[in-house]
Amino acid sequence: MGGVPNPDGEPAAPVPLTTEEVTRYVVAAAVWAPSVHNTQPWRFNAGGPQIILHADAERQLRAADPDGREMMISCGAALFTARLALRSLGYLPETEVLPDLGQPLLAARVSWARRAARTEFEQRLFGQVRQRRTHRGGFDPVPLPPGLLATLREGAARYGAMLRIVADDGRRAALAAAVQAAEHAQRLDSEHVRELARWAPEPGSARTDGVPPASYLARAEHTDPDFPGRDFAHGRGWGLPPLSTASRFRSAGVAALLTTAHDRPADWINAGQALQRILLTASSCGVAAALHSQPLELGWLRESIRTQLSDGAYPQLILRFGAVIQAADSVRRPPDDVLSGSDSEDINVSDG
Ligand SMILES: Cc1cc2nc3c(=O)[nH]c(=O)nc-3n(C[C@H](O)[C@H](O)[C@H](O)COP(=O)(O)O)c2cc1C
């Protein structure tokens, strides 16, 4: 595949590629989208200059996500990444979200025929696809770059979503309290505990999904107000050694809610597109994000956040932004595991 630019590094100028090469390039980038518990709940079906993105219901979290909302947000993040990869090659993607309502798992269809020069901004975002990592813990007490929050809000609005900054101390404390209440409740719920354990591989595991110990701290960092993380280690001492001394102040960062006006599967997919645009934009400015979905998995807490903290709009994700030295690492299934041809035969995606 001589001319294919490498999604890891500086992409080369657009070059003619075979359709199979474009497909592989796009899927190799899309798998690096964030997904709940790194379930990677997606499959890509290729046929001609078109990729169909399916949600993989076998990877849905039955306890935490019975409606598949987080599964569809994850697919939306993969969709945004696929579209961005096409832009990095100078293609203009044409996208249909949920093109067949009779097939609710058929999340999107993306095709490419026309070309247009990629923008510097698109290229900058694409350069972050492999670099970006979910942060878990506190942040360094430094301000965000000026104008970043406005850019993130504008990016979310392109997908009909709203990024609401929770700046007021009282509201921020209320949001943190919701995360604490949910985390507490889920640690006491054996179904949630078992499900989380299934997506928390042990150190040294060869698994290419789930949240590996290299992506969280062995000793949870507390912030003020405290936004507790998920209990991936479950008392087994797994995780990274602390980066900072225990006495060092760790900020909770800038808290925000990603919301949508409605709560249908198309809104979830678009919230996922907005999420990945937000995360890559922040990352391109050296800003990391922590994600919290615990209270949005419990109906009564989600409803309370909706009515009290987001003006009746539907909360899809809680985010915190800040500066940090990023040590986390993650894993992904190889593209060959998630890509098949339109006739359901695996297409040949090997290099060479
Ligand atoms: C819908 C959704 C919900 C998530 N919820 C959480 C969460 O509650 N806690 C957390 O630590 N990470 C959360 N994440 C981040 C994933 O765990 C993360 O994307 C995945 O482990 C892959 O790691 P990476 O983002 O570093 O590539 C969420 C991601 C998505 C898309």
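Numbering of ligands and ligand atoms starts at 1, following listing order. The analysis underlying the following values was restricted to heavy atoms, covering all of them including side chains, and did not include hydrogens, waters or symmetry mates. These numbers were taken from a predicted model, which means no experiment stands behind them.
The protein non-hydrogen atom at the shortest distance from atom 25 (O) of ligand 1 is T134 OG1, 2.5 Å. Among protein heavy atoms, the minimum distance from atom 5 (N) of ligand 1 is reached at S293 OG, 2.7 Å. The protein heavy-atom contact nearest to atom 17 (O) of ligand 1 is R136 NH2, 2.9 Å. Annotation: atom 23 (O) of ligand 1 to nearest protein heavy atom, S330 OG, 3.3 Å. Protein heavy atom in closest approach to atom 30 (C) of ligand 1: V36 N, 3.5 Å.
For ligand 1, the atoms lying closer than 4.0 Å to a non-hydrogen atom of R133 are 24 (P), 26 (O), 27 (O). The ligand atoms of ligand 1 that sit less than 4.0 angstrom from a heavy atom of P34 are 19 (O), 25 (O), 31 (C).
The minimum heavy-atom distance between W238 and A233, with the atom names listed, is O-CB, 3.7 Å. In plain terms, the two heavy atoms of Q60 and P66 that are nearest each other are NE2-O, 3.0 Å.
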Would Q186 and R230 satisfy side-chain hydrogen bond (donor to acceptor under 3.5 Å, both in side chains), going step by step from the backbone distance to the final call? CA-CA 9 Å; Q186 291 183 340; R230 305 256 191 193; 3.3 Å; yes
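An N or O contact shorter than 3.5 Å links L291 to ligand 1 by distance. Checking only distances, R230 does come within under 3.5 Å of ligand 1, N or O to N or O. Any N or O atom pair closer than 3.5 Å counts here, and R132 shares at least one such pair with ligand 1. At a 3.5 angstrom cut-off on N or O pairs, H292 does not count as close to ligand 1. The N/O atoms of S74, backbone and side chain alike, include none that comes under 3.5 Å of an N/O atom in ligand 1.
Side-chain contact, Q128 with S284: no donor N or O sits under 3.5 Å from an acceptor N or O.
By the 4.0 Å heavy-atom criterion, Q316 is excluded from the residues contacting ligand 1. Heavy-atom separations between S35 and ligand 1 include at least one value shorter than 4.0 Å.
A donor-acceptor pair is defined here as one N or O able to donate and one able to accept, closer than 3.5 Å; no such pair exists between the side chain of R164 and the backbone of A256. No donor-acceptor pair closer than 3.5 Å links the side chain of Q316 to the backbone N or O of I73. Judged by distance alone, with hydrogens and angles left aside, the side-chain atoms of R277 form no donor-acceptor pair with the main-chain N or O of G272 at under 3.5 Å.
Ring geometry for Y159 against F80 counts as perpendicular: the plane angle is over 60°, on a 0 to 90° scale with 30° as the lower cut.
Between S35 and W42 there is a side-chain heavy-atom pair separated by less than 4.5 Å. With a 4.5 Å cut-off on side-chain heavy atoms, L296 and R69 count as touching.
Contacts between V211 and ligand 1 below 4.0 angstrom, taking non-hydrogen atoms only, involve the side chain exclusively.
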